[in-house]
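Below: the structure, in structure tokens.
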Amino acid sequence: MIVLHYSVIGGWVIKYLFEYLKGDAKLLATDTYFQTSFQTEYLQKYVLYSLLYLHLPSFMQVFKTELKEYPNLCVVLSVIIAGYSISRPGAFEGVKCFLIPNFDNFHG
């Protein structure tokens with residue numbers, strides 16, 4: 001069940017990547033893009049993106065990419081994304097909200 005869940009999310013990521021590479025970055029940043037894309041696009045497209053995500057390791061093998069390099073690539077990309085996220089305006093407010101508990105919200 002968890003593989004199906006992650007394949008759907010991975011499909012969304014691949015769809016966003018393709019849209020970004022097409023040059024629709026401003027459209028992707030709107031608040032309503034995610035909801036409207038589900039209303040206007042066919043479900044079959046999302047299934048195809050999810051299948052593409054599931055078969056990504058197979059494609060890497062076909063193109064002679066070493067699968068043992070895949071986890072290393074994921075770590076490097078995660079560090080890059082984390083660094084970029086922290087550099088955004090207001091990022092430290094989000095980090096403080098995430099890491100510092102607010103005990104006023106606890107009722108006993």
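Side-chain heavy atoms closer than 4.5 Å link hydrophobic residues (I, L, V, M, F, W, Y) into clusters, and following such links, even through other members, never connects Val75 to Ile81. Val79 and Val76 are members of different hydrophobic clusters when ILVMFWY side chains are connected at heavy-atom separations under 4.5 Å. Hydrophobic cluster membership differs between Tyr84 and Leu77, with clusters built from Ile, Leu, Val, Met, Phe, Trp and Tyr side chains linked at under 4.5 angstrom. Note on Tyr20 and Leu27: same hydrophobic cluster, where clusters join Ile, Leu, Val, Met, Phe, Trp and Tyr whose side-chain heavy atoms are under 4.5 Å apart, directly or indirectly. Placement of Tyr6 and Leu73 in two distinct hydrophobic clusters is found when ILVMFWY residues are connected by side-chain heavy-atom separations under 4.5 Å, directly or transitively.
Note: Ser85 OG to Ile80 CD1 = 11.5 Å, rounded to the nearest 0.5 Å. One distance of note links CG of Leu28 with OG1 of Thr30; it measures 7.5 Å at 0.5 Å rounding. Here CG of Leu48 is found 11.0 Å from CD1 of Ile14. Values are rounded to the nearest 0.5 Å.
With hydrogens and angles disregarded, no donor-acceptor distance shorter than 3.5 Å links the side chain of Ser7 to the backbone of Ser50.
Side-chain atoms of Phe18 and Tyr49, non-hydrogen and from C-beta on, do get closer than 4.5 Å to each other. When side chains are defined from C-beta on, Phe92 counts as touching Ile86, because their heavy atoms get closer than 4.5 Å.
Between Tyr33 and Tyr16, the distance separating the two ring centers is shorter than 6.0 angstrom.
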